[in-house]
Amino acid sequence: MNITLNQILILAAGIFSIGLLGALTRKSVIIVVMCIELMFNAVNINMLAFAYFSGLPAIRGQVFAIFIMVVSAAEMGLTMAIAILMYRNKGTVEVNKANLMKW
Amino acid sequence: MLLGTKVALNYAYMAPELIVMAGGILVIMADLYIWRDKKWPLALFSVLILLAASIDTLTLVGQTGTTAHGMLIIDPLSLFFKEAILFSSILIVFLSIEYMEQLKTVSLGEYYGLVLFATAGGMYLASTADLIMIYIALELTSIACYVCAGYRKHDYKSNESILKYFLLGLIASAMMLYGFSFIYGFTGYTQLADIAGALASKGSTVAGSANVAVISGIIFALAAFTFKVASVPFHQWVPDVYEGAPTPVTAFLSVMPKIAAFAVLIRILFIGFPVFVEQWRFLFIVLSIASMFLGNLTALVQTNIKRMLGYSSIAHAGYITMGFAIATRDAVSGILIYSVVYIFMNIGAFAVVTALSHNQDSDNIKDYDGLGKRSPFLAITMTIFMVALAGLPPTAGLWGKVYIFIAAVNKDMWWFALIGLINAVISVYYYFNVVRHMYIIQPPEETEIKTPRMYKLVIWIATIGTLVLGVLPQSLISLSQFVAKGFGL
């Protein structure tokens with residue numbers, strides 16, 4: 001059975017949507033950022049699929065995916081720092097407790 | 001490009017950014033090993049680095065070219081925005097010195113290092129036309145800005161501001177990447193010029209449904225840029241982050257990432273996707289009208305001056321994105337004029353807010369009662385900045401709006417200029433509300449407010465800039481018309 005580009009794109013779109021849904025509905029900062037990581041990885045799947053299936057300068061898609069992984073690793077580091085900062089000052093890492101400033 | 005091909009690097013073209021990046025690392029090292037107790041030498045060192053980079057940028061004037069396989073572009077547009085970004089960063093470093101001395105609990109050297117990294121990211125953003133590089137430069141600016149926004153780490157408001165900025169920023173950049181993946185996938189290139197070529201040549205991989213994919217890619221990608229320029233669909237972070245972040249950082253966030261994002265938007269839209277002008281023009285018309293009305297109407301009822309300036313910055317993003325909706329060469333030069341003017345007036349206004357919050361740790365508009373008696377200097381300069389933000393003569397704010405509105409009228413979009421004018425009139429109300437508080441309402445106490453020297457320096461520079469560009473705008477206008485050559489349709 002051959003896997004086609006369309007199937008991979010649908011998979012990536014599904015993962016992206018699950019990530020977005022999770023990021024918008026979950027409460028814990030850590031889980032929200034995990035969901036955003038899903039969105040980034042859906043993009044990675046897209047990039048690699050396009051790079052594999054198009055005959056054009058394919059290396060760029062792969063390079064792009066590597067850069068996305070590197071930058072999201074840096075962002076994970078920042079997430080941990082923010083979670084610790086919140087926990088220290090407020091005793092919780094739930095995003096709906098961040099409600100000091102409104103409107 | 002085959003592996004093993006020799007990479008041609010022109011270090012002269014890369015030097016300004018390299019100076020700033022190396023300077024950032026040096027500042028952090030110097031914080032650890034040399035100036036462990038007093039931190040103001042670090043600030044002076046950062047200013048020297050930024051000055052060196054801007055002088056180095058000036059030596060490139062008149063050259064055009066690319067290096068690192070087109071990742072980095074040297075042309076009048078990139079040099080113009082690099083100078084603007086460097087200048088605003090210099091003002092921010094001066095503004096931060098005394099504020100950061102007050103915050104005894106945090107290490108300060110990193111702050112100047114982060115400002116330098118964010119500046120370098122902005123400079124890369126202003127001078128690149130490759131999707132990979134745009135993403136990396138955007139993240140370099142963003143991550144440094146996130147950390148700066150949370151710099152008062154024992155203050156819960158500041159934690160909240162970094163949390164909101166960070167999570168929304170991540171979602172925005174994930175959307176941008178999803179859009180980039182479609183643009184890359186359906187054109188096969190990551191460089192904007194190649195993408196435009198692939199889209200223009202008919203009968204290639206691009207036809208029919210692929211066009212739809214590329215357009216939806218553009219829409220996704222614009223999400224991250226509306227986040228950075230704080231215009232409508234992704235504006236919700238602005239007031240909260242502006243209120244919670246340390247005030248000099250707020251000034252930084254309101255200017256530097258914004259003008260860098262305008263620089264890259266000019267490139268993406270006019271180099272990458274001139275084919276789809278009708279589609280993105282409609283998008284920008286909606287965005288710009290929505291941001292102007294939302295920003296101005298919500299700013300009317302604010303009681304905190306940082307939130308008010310936050311909403312006003314959403315409105316200003318609306319005025320500037322009008323330029324993209326008009327999309328002529330005049331409109332691009334209007335965007336350039338507005339960006340420069342915006343640096344002076346917005347950093348000036350935030351400098352006055354910082355100077356006042358130096359004496360009392362709150363930012364309510366009520367605190368400005370009777371400022372005219374308590375500190376005539378702060379009151380008169382704040383009045384000038386408010387007049388400039390409202391876009392009235394004799395300040396530079398007038399020319400930013402006038403040139404964009406004229407471009408709209410020339411394009412037969414007079415209704416668009418009219419909507420802009422209506423918004424400028426609405427904005428007069430809340431800007432002059434601050435002036436009313438300063439001069440008409442009696443103060444609760446009449447103690448004199450002392451302004452530390454560094455704030456005075458920044459406020460003077462911003463005032464002189466606002467007034468001089470207001471009276472003699474000719475050189476800025478002709479410069480921006482020269483720079484806008486080659487952009488616009």
Side-chain angles (χ1 to χ4, degrees), chain A residues 5 9 12-13 16 19-20 23-24 29 32-33 35-51 53-61 63-68 70-72 74-75 77-79 81-86 88-90 93 95 97-103, chain B residues 1-3 130-133 135-136 138-140 142-143 146-147 150 153-171 173-191 194 198 205 213 239-244 298 301-302 304 307:
Chain A
L5 179 61
L9 291 188
F16 189 84
L20 186 58
L24 295 178
V29 173
V32 169
V33 175
C35 292
I36 297 173
E37 286 300 309
L38 272 187
M39 293 165 75
F40 279 112
N41 285 322
V43 173
N44 278 344
I45 294 174
N46 254 358
M47 289 286 180
L48 295 177
F50 281 130
F53 282 99
S54 74
L56 285 158
I59 193 83
R60 286 186 184 273
V63 169
F64 210 146
I66 287 175
F67 275 115
I68 293 170
V70 171
V71 173
S72 52
E75 277 159 352
L78 196 52
T79 314
I82 294 171
I84 291 171
L85 210 60
M86 262 191 89
R88 234 188 238 156
N89 287 337
K90 195 97 170 178
V93 289
V95 277
K97 294 289 188 310
N99 54 4
L100 215 58
M101 295 175 286
K102 279 182 209 162
W103 288 106
Chain B
M1 193 60 59
L2 290 171
L3 292 177
D130 187 290
L131 298 183
I132 301 177
M133 192 67 192
Y135 169 62
I136 294 167
L138 200 73
E139 290 299 322
L140 180 57
S142 305
I143 293 179
Y146 300 147
V147 182
K153 61 179 173 186
H154 299 288
D155 177 8
Y156 188 66
K157 264 193 179 179
S158 188
N159 297 349
E160 203 180 306
S161 118
I162 182 177
L163 180 74
K164 288 175 175 171
Y165 193 20
F166 178 68
L167 291 182
L168 295 174
L170 278 193
I171 293 179
S173 62
M175 289 198 159
M176 176 187 77
L177 283 176
Y178 198 60
F180 279 1
S181 77
F182 278 112
I183 295 170
Y184 164 72
F186 284 87
T187 57
Y189 296 97
T190 57
Q191 295 198 335
D194 295 340
T205 53
D240 291 356
V241 173
Y242 279 26
E243 187 185 343
T298 328
V301 293
Q302 297 302 319
N304 181 307
R307 287 183 90 79

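Protein chains get the first letters and strands the later ones, always in sequence-line order, with residue 1 at the start of each. In what follows, every heavy atom counts, from backbone to side chain, and hydrogens, waters and symmetry copies are set aside.
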Could you check whether any side-chain heavy atom of [X] comes within less than 4.5 Å of a side-chain heavy atom of [Y], counting everything from C-beta outward?
X	Y	value
B:Tyr156	A:Lys90	yes
B:Tyr184	A:Asn46	no
A:Val33	B:Leu167	yes
B:Phe180	A:Val43	no
A:Val70	B:Glu139	no

Mind telling me whether B:Phe182 and A:Phe50 have parallel, tilted or perpendicular rings, with 30° and 60° as the class edges?
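Ring orientation, 0 to 90° scale: perpendicular.
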
Which bit of [X] is near chain B, if near means a heavy-atom gap under 4.5 Å: side chain, backbone, both or neither?
X	result
A:Leu20	side chain
A:Leu85	both
A:Ala13	both

To the nearest 0.5 Å, what is the distance between [atom1] ([X]) and [atom2] ([Y])?
X	Y	atom1	atom2	value
A:Ile66	B:Ile132	CD1	CD1	10.0 Å
B:Ser181	A:Ile68	OG	CD1	8.0 Å
A:Leu100	B:Ser158	CG	OG	11.5 Å

[X] versus chain A, the contacting section by heavy-atom distance below 4.5 Å:
X	answer
B:Asp130	side chain
B:Ile136	side chain
B:Phe166	side chain

Selection from B:Ile143, B:Leu163, B:Asn304, B:Leu140 maximising heavy-atom pairs under 4.5 Å formed with chain A
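It is B:Leu163.
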
Most chain A-contacting option - heavy-atom pairs closer than 4.5 Å, from B:Asp155, B:Leu131, B:Val147, B:Asp194
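Heavy-atom pairs under 4.5 Å are most numerous for B:Leu131.
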
Shortest non-hydrogen contact from B:Leu170 toward A:Phe40
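Shortest heavy-atom contact: O-CZ, 3.9 Å.
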
Kindly give the heavy-atom pair with the smallest separation between B:Leu177 and A:Met47, and that separation in Å.
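Reported closest heavy-atom pair: O-CE, 4.2 Å.
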
So, does A:Asn89 use its side chain to make a donor-acceptor pair with the main chain of B:Lys153 at under 3.5 Å?
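Judged by distance alone, yes, a pair lies under 3.5 Å.
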
